[in-house]
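Sequence positions, counted from 1, serve as the residue numbers for this chain.
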Amino acid sequence: MDRKDSGIKREDIIDALRKVMDPELGRDLVSLGMVKEVEVEGSKVRVNVALTTPACPLKSHIERGVRDAIISVPGVSDVEVKLSAEIKGGSVPGRKPIEGIKYIIAVASGKGGVGKSTVSANIAASLFASGAKTGILDADIYGPNIPRMLGLDKPPAQKDGRVVPGERMGMKVMSMGFFLREDDPVIWRGPMLHGVLQQFLRDVYWGELDYLIVDLPPGTGDAQLTLTQTVPLSGAIIVTTPQDVALLDARKGLSMFRKVDVPVLGIIENMSYFLCPHCGERSEIFGYGGGRKVSEILDVPFLGEIPIITEIRQAGDEGKPIPLFHPNSQAGIIFREITEKVASLLSIHYYSV
């Protein structure tokens, strides 16, 4: 049976898809421009739907909605749904964009020692594992741990007068750690730090990236403030631990981003609890629930809790990020769920404007 005999028109399929809503954006797939291809061959229909991010947490929900809508069209007997991703990206008023990079996400903490770099490395790896073109900039100049956490030790090459970032399985990485010995201290004032970070952002050949994760230095000093005022940050994540002191500092970090009009995507509570590797008993060593409570008080999303478990520490020491090497482990699932929330919140913010 050919297309003419089937009586099914492409317009019929498009009309059916107008009833399928993206549950997070609150609009139908057609008006959002997510329906990219519709092919009718006899009673079979093929459709390509481009999601706003490959890390979309509602892929199966959207696919099921598309399939149900099309199969309801009279004459359709078979539906083939292809899901792809088309990341829009977002411009930041008053800040010069970085060519080729769609979203820049800062990961920050009000104080050191909360596991910010571990969170940064694993969110970047999780975005990359989802199929997104991803890079990570280790902006923590005083404690550049990202190369070790990702298993990289070779200094970057140069191409046409620009630095080519290191790569881990295709994920792009830049860090001062590439240029220092492990026992070399960095004794710089704020302006020097700001200058090298601007070079890392604008003089590095990043190429085309969907997401660049920036692991910021801890604290809310001049260097952090200057960076957030000049870099076109699409959003920020605050990492804290359950202790009262850490939570107080997290509130300061959040306030800093709000003052420079950077959207705060949410709070992550790291070292939230300890899971015994032998009996599985949960112990709330540093207290519990503080991150969620602060997120409610300050009206920002709570992105999730990361427990203290051996596999996270081992992965960092061995340079084998969990989302790439152990994606279905307990920690792998936790990081994937947090990353999906981050990607979803970015899409909601920039598709709503």
Side-chain angles (χ1 to χ4, degrees), residues 1-3 5-90 102-103 123 125-134 210-211 265-266 301-304 323-324 326-353:
M1 183 182 294
D2 59 23
R3 176 179 172 177
D5 292 338
S6 72
I8 304 169
K9 297 180 180 179
R10 185 177 183 276
E11 292 73 20
D12 297 334
I13 305 301
I14 297 293
D15 285 342
L17 292 175
R18 293 185 194 278
K19 301 173 185 177
V20 182
M21 306 292 288
D22 184 300
E24 293 179 316
L25 302 180
R27 293 166 56 193
D28 69 274
L29 304 187
V30 176
S31 67
L32 284 167
M34 294 168 66
V35 179
K36 297 301 178 182
E37 297 174 12
V38 175
E39 295 179 5
V40 179
E41 185 179 332
S43 62
K44 181 175 182 177
V45 176
R46 299 185 185 88
V47 61
N48 178 14
V49 176
L51 303 172
T52 60
T53 172
C56 176
L58 298 172
K59 286 181 183 178
S60 59
H61 177 89
I62 293 173
E63 181 178 3
R64 185 165 57 251
V66 169
R67 194 176 300 279
D68 290 346
I70 295 176
I71 205 70
S72 69
V73 175
V76 176
S77 63
D78 190 17
V79 180
E80 182 180 312
V81 180
K82 177 184 177 183
L83 295 181
S84 57
E86 188 174 283
I87 299 176
K88 176 182 176 181
K102 294 178 180 176
Y103 288 122
I123 286 179
S126 191
L127 283 167
F128 181 74
S130 76
K133 298 175 183 176
T134 308
D210 297 320
Y211 301 97
L265 301 174
F302 184 65
L303 299 174
L324 299 179
H326 305 286
N328 296 319
S329 65
Q330 180 185 17
I333 293 169
I334 289 171
F335 282 120
R336 180 166 65 246
E337 290 176 348
I338 288 173
T339 300
E340 287 175 347
K341 290 179 184 177
V342 170
S344 175
L345 287 164
L346 273 175
S347 295
I348 291 169
H349 182 81
Y350 286 98
Y351 274 77
S352 299
V353 296

Search all heavy atoms of [X] against all heavy atoms of [Y] and return the closest pair with its distance.
X	Y	result
Thr339	Ile123	OG1-CA, 3.7 Å
Pro23	Ile62	CD-CG1, 4.3 Å
Ser43	Ile8	CA-CD1, 4.0 Å
Ser84	Ala50	OG-CA, 3.5 Å
Thr53	Ile87	CA-CG1, 4.1 Å
Pro57	Glu24	CG-OE2, 3.9 Å

Quiz item: Tell me, do Arg18 and Val35 make a side-chain contact under 4.5 Å, heavy atoms counted?
Solution: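 No; the side chains remain at least 4.5 Å from each other.
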Quiz prompt | Flag side-chain contact, heavy atom, 4.5 Å: Met34 against Leu51 | solution =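 Counting from C-beta outward, Met34 and Leu51 do come under 4.5 Å.
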To the nearest 0.5 Å, what is the distance between [atom1] on [X] and [atom2] on [Y]?
X	Y	atom1	atom2	answer
Leu32	Glu86	CG	CD	11.5 Å
Glu340	Leu345	CD	CG	12.0 Å
Lys133	Leu127	NZ	CG	14.5 Å
Glu337	Leu303	CD	CG	12.0 Å
Arg46	Ile13	CZ	CD1	12.5 Å
Asp12	Ser72	CG	OG	10.5 Å

Quiz item: Taking Lys59 for the side chain and Pro54 for the main chain, is one N or O donor matched with an acceptor at less than 3.5 Å?
Solution: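 Yes, Lys59 side chain to Pro54 backbone: donor-acceptor pair under 3.5 Å.
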Quiz item: Does the salt bridge (charged side-chain N to carboxylate O under 4.0 Å, His left out) test come out yes or no for Asp210 and Lys102, once each step is laid out?
Solution: CA-CA 5 Å; Asp210 297 320; Lys102 294 178 180 176; 3.6 Å; yes
Exercise. Report the relative orientation of the aromatic rings in Tyr211 and Tyr103; use parallel for angles under 30°, tilted for 30 to 60°, perpendicular for over 60°.
Key: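 Taking Tyr103 first and then Tyr211, their aromatic rings lie parallel (interplane angle under 30°).
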Quiz item: Is the number of heavy atoms from other residues, nucleotides or ligands under 6.0 Å of Lys19 NZ greater than 12?
Solution: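 Result for NZ/Lys19: open.
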Quiz item: Do the charged groups of Glu37 and Lys82 touch, with an N to O distance under 4.0 Å?
Solution: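 Salt bridge flag = no for Lys82 with Glu37.
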Practice problem: Quick one: do Asp22 and Leu29 satisfy side-chain contact (heavy atoms from CB on, under 4.5 Å)? Show the steps, please. | Solution: CA-CA 6 Å; Asp22 184 300; Leu29 304 187; 4.2 Å; yes
Practice problem: Output, in order, the C-alpha distance, side-chain angles, deciding distance and verdict of side-chain contact (heavy atoms from CB on, under 4.5 Å) for Ile348 and Leu25. | Solution: CA-CA 6 Å; Ile348 291 169; Leu25 302 180; 3.9 Å; yes
